[in-house]
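Bear in mind the structure is a predicted one, so any value in this text is a computation, not a measurement.
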Amino acid sequence: MTMKEVKIPFLTVVVVAALLPIWVLAAAKQHHQIGVETKKLRFGSDGQFKILQVADMHYGNGKTTTCEDVLPSQFPTCSDLNTTAFVHRMIQAEKPNLIVFTGDNIFGSDAADAAKSLNEAYAPAISSNIPWAAVLGNHDQESDLSREGVMKHIVGLQNTLAQVNPLDQDVIDGFGNYNLEVSGVEGSGFENKSVLNLYFLDSGDYSTVPSIGGYGWIKPSQQYWFERTSAKLRKAYTSKPQAQKAPAPGLTFFHIPLPEFGSFDSSNFTGVRQEGISSASVNSGFFTTMVAAGDVKAAFVGHDHLNDFCGELFGINLCYAGGFGYHAYGKAGWDRRSRVVVASLEKSEKGGWGAVKSIKTWKRLDDQHLTAIDGQVLWSKSSAGMRRKKPVGGT
């Protein structure tokens, strides 16, 4: 390893490889804490906030890593570099305000050096100078870094807003549970309020309970943190100034789908379902927790690469991104894809920007034209206001 320069505002420290365990970890921690405070997310002057979701890059070792499930004509020249090129294309085409990586960012068992693979996987986001966030999947920790080690490496990278775990909760399962607030337009009455709340959770890798097989799940400690955070944000949003009657809309991001993703068929979702729902074999109740909190409008996952649908259940849209990475299983001839989510603000009576009016989504295919498909409205303030509860026993 060569000398590495770690840049911190007002301070540049050059460290030698021999000192990495002490200096780099401390610098990364300081850099991350400073970054969280200074990189405030907010809606642009156009009244929009755009999120690019990248699911299942499965990055390995770069150009020497072969692709899976591509056409015979593509195979000889296809590698991890195709995944990198797709990230670059999506960033250039959509110019998002935030990039979110929803797990299996690297395919650990095929990554010889986890840190190097992580650096290369996130390189397009870092070089774009756009804020980005990430959660872990079930394969990220299968190289030479533990699950905690992977998340600590991520938070030390440039331009990331990811956090290892919330600072105000001592005991919480997993690594990569945190929330981000998106403030209103600068100069508007909402410039100091979070009008869109983003929650990130570690859905685990595999069950650690001997009597339960299969994948991991979101644990009670994480749900407690989510409930407490949601309540705190709701209180702030419904308090003066600019007190609102309903909570600000929220979006959740994690890797492994909830069992409720299996509630749909082709008649009530947008997109395709081409494989089973690989959720945990037990239901930990997180979907019910989200419904009860009252602010979450959509949840976004990866994990099942051949599913890319969105379906609404009890007011929450459950959305897959579809497989992104080329070193991930897929379907030859079925283009890799990415999901885009856009929240738009309403115009106030005085002509300025107010609260979130609608949340829309679409996907883009990694074809010649980055074809956009399946545009849909996930939530709108007007339709939400029209809903009425049916009385128990009523007609």
Side-chain angles (χ1 to χ4, degrees), residues 32-33 36 41 100 102-103 133-138 140-141 146-148 150-152 154-155 161-182 193-212 214-239 244 246-261 279-303 313-319:
H32 171 60
Q33 290 172 341
V36 169
L41 297 175
V100 177
T102 51
V135 293
L136 301 182
N138 53 295
D140 290 289
Q141 77 293 336
S146 67
R147 201 167 181 80
E148 181 179 12
V150 170
M151 204 65 213
K152 284 185 173 179
I154 288 172
V155 302
L161 298 180
Q163 300 169 40
V164 175
N165 268 330
L167 298 175
D168 60 348
Q169 186 161 335
D170 294 332
V171 180
I172 188 167
D173 286 279
F175 302 97
N177 302 287
Y178 57 101
N179 70 289
L180 297 175
E181 301 178 15
V182 186
K193 271 188 182 288
S194 179
V195 298
L196 179 68
N197 295 311
L198 311 177
Y199 304 96
F200 303 84
L201 297 104
D202 181 3
S203 54
D205 46 20
Y206 303 95
S207 171
T208 56
V209 180
S211 59
I212 301 174
Y215 292 107
W217 57 86
I218 295 171
K219 307 291 183 12
S221 63
Q222 299 166 277
Q223 298 189 46
Y224 171 71
W225 164 78
F226 166 79
E227 288 176 313
R228 196 172 64 170
T229 304
S230 174
K232 180 184 68 175
L233 292 169
R234 180 205 306 265
K235 183 178 180 181
Y237 194 65
T238 55
S239 300
Q244 300 297 297
L251 307 175
T252 58
F253 298 88
F254 45 95
H255 180 70
I256 298 174
L258 305 174
E260 285 80 5
F261 274 74
S279 60
S281 56
V282 295
N283 193 327
S284 69
F286 183 56
F287 179 76
T288 305
T289 298
M290 288 192 293
V291 173
D295 62 336
V296 174
K297 308 307 177 189
F300 301 93
V301 302
H303 193 53
L313 185 66
F314 295 111
I316 297 179
N317 279 274
L318 301 178
C319 297

K.L.:
Which atoms form the tightest heavy-atom contact between A236 and K193, and what is the distance?
P.N.:
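So the minimum-distance heavy-atom pair works out to O-NZ, 2.6 Å.
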K.L.:
Return each pair, listed once, that meets salt bridge (Lys or Arg N to Asp or Glu O under 4.0 Å) where at least one residue sits in residues 230-239; pairs must be two or more places apart or across chains.
P.N.:
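Applying salt bridge (Lys or Arg N to Asp or Glu O under 4.0 Å) to every pair that reaches into residues 230-239, excluding sequence neighbours, yields nothing.
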K.L.:
Can you find a side-chain donor-acceptor pair between D295 and S230 that sits under 3.5 Å?
P.N.:
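There is such a pair (donor and acceptor under 3.5 Å, judged by atom type) between the side chains of D295 and S230.
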K.L.:
For the CG atom of L198 and the CG atom of L161, what is their distance to the nearest 0.5 Å?
P.N.:
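If I round to the nearest 0.5 Å, the distance is 10.0 Å.
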K.L.:
What is the distance from atom CZ of F286 to atom CH2 of W217, rounded to the nearest 0.5 Å?
P.N.:
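CH2 of W217 is found 15.5 Å from CZ of F286.
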K.L.:
Would you check if there is a donor-acceptor pair between the side chains of Y178 and N165 at a distance under 3.5 Å?
P.N.:
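No, no side-chain donor-acceptor pair sits under 3.5 Å.
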K.L.:
Has the side chain of Q223 got a donor or acceptor atom that lies under 3.5 Å from a matching backbone atom of S284?
P.N.:
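Between the backbone of S284 and the side chain of Q223 there is a qualifying donor-acceptor contact (under 3.5 Å).
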K.L.:
Let me confirm one number: the CG-CG distance from N197 to L180, rounded to the nearest 0.5 Å.
P.N.:
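It comes to 9.5 Å.
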K.L.:
So F175 and V150, do their side chains get closer than 4.5 Å, heavy atoms only?
P.N.:
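With C-beta onward as the side chain, the pair stays apart.
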K.L.:
Using distance alone, with no hydrogens and no angle criterion, decide if W225 and T229 have a side-chain donor and acceptor under 3.5 Å apart.
P.N.:
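The answer is yes; a qualifying pair exists.
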K.L.:
If every non-hydrogen atom of N179 is compared with every non-hydrogen atom of Q163, which pair is closest and at what distance?
P.N.:
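Minimum heavy-atom contact is O-NE2, 4.0 Å.
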K.L.:
Checking D173 now: which residues fulfil salt bridge (charged side-chain N to carboxylate O under 4.0 Å, His left out) with it, not counting sequence neighbours?
P.N.:
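Listed in chain order: nothing, the list is empty.
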K.L.:
Side chains of P247 and L233: does their closest heavy-atom pair fall under 4.5 Å?
P.N.:
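Answer no - side chains too far apart.
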K.L.:
Of all heavy-atom pairs between E181 and S194, which one has the smallest distance, and what is that distance?
P.N.:
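Here E181 and S194 meet closest at CB-OG, 3.2 Å.
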K.L.:
Any side-chain heavy-atom pair from C319 and V301 closer than 4.5 angstrom?
P.N.:
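A side-chain contact is absent here, since even the closest heavy-atom pair is not under 4.5 Å.
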K.L.:
Do Q169 and Y224 touch side chain to side chain, with heavy atoms closer than 4.5 Å?
P.N.:
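Q169 reaches Y224 side chain to side chain.
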K.L.:
Among residues at least two apart in sequence or on other chains, which ones pass salt bridge (charged side-chain N to carboxylate O under 4.0 Å, His left out) with D168?
P.N.:
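Checked D168 against salt bridge (charged side-chain N to carboxylate O under 4.0 Å, His left out); matches are R228.
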K.L.:
Keeping the roles fixed (side chain from T238, backbone from Q244), state whether a donor-acceptor pair exists under 3.5 Å.
P.N.:
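No.
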K.L.:
Any sub-3.5 Å donor-acceptor pair from S207's side-chain atoms to I212's backbone N or O?
P.N.:
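Indeed, once roles are kept as given, a pair shorter than 3.5 Å links the two residues.
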K.L.:
Checking side-chain polar atoms at under 3.5 Å, does N283 have a donor or acceptor matched by the opposite partner on E260?
P.N.:
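Note: N283 and E260 side chains meet the donor-acceptor criterion.
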K.L.:
Of all heavy-atom pairs between G302 and P257, which one has the smallest distance, and what is that distance?
P.N.:
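Heavy atoms of G302 and P257 come nearest at O-CD, 4.2 Å.
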K.L.:
How far does CG of L201 sit from CG of L136, to the nearest 0.5 angstrom?
P.N.:
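Those atoms lie 11.5 Å apart.
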K.L.:
Is a side-chain donor or acceptor of N177 paired with a backbone partner of D202 at a separation under 3.5 angstrom?
P.N.:
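At least one qualifying donor-acceptor pair exists.
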K.L.:
Are the aromatic ring centres of F226 and Y199 under 6.0 angstrom apart?
P.N.:
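Judged by ring-centre distance (under 6.0 Å), F226 and Y199 do meet the cut-off.
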K.L.:
Quick one: do I172 and S221 satisfy side chain to side chain contact (heavy atoms under 4.5 Å, CB included)? Show the steps, please.
P.N.:
CA-CA 5 Å; I172 188 167; S221 63; 4.0 Å; yes
K.L.:
Evaluate N138 against Y215 for side-chain hydrogen bond (donor to acceptor under 3.5 Å, both in side chains), listing each step before the verdict.
P.N.:
CA-CA 8 Å; N138 53 295; Y215 292 107; 4.7 Å; no
K.L.:
For I316 and K297, what are the C-alpha separation, side-chain angles and deciding distance, and is it a side chain to side chain contact (heavy atoms under 4.5 Å, CB included)?
P.N.:
CA-CA 5 Å; I316 297 179; K297 308 307 177 189; over 6 Å; no
K.L.:
Considering non-hydrogen atoms only, spot the tightest contact between V135 and G176 and give its length.
P.N.:
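Closest pair (atom of V135, atom of G176, distance): CG1-O, 4.1 Å.
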K.L.:
What's the separation between atom CZ in F300 and atom CZ in F200, rounded to the nearest 0.5 Å?
P.N.:
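Here the interatomic distance stands at 11.0 Å.
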K.L.:
Restricting to non-hydrogen atoms, name the atom on S203 and the atom on I256 that form the minimum distance, rounded to 0.1 Å.
P.N.:
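In this case the closest contact between S203 and I256 is OG-N, 2.9 Å.
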K.L.:
Nearest 0.5 Å please: distance from the CG atom of D140 over to the CG atom of D205.
P.N.:
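So the gap between those two atoms works out to 9.5 Å.
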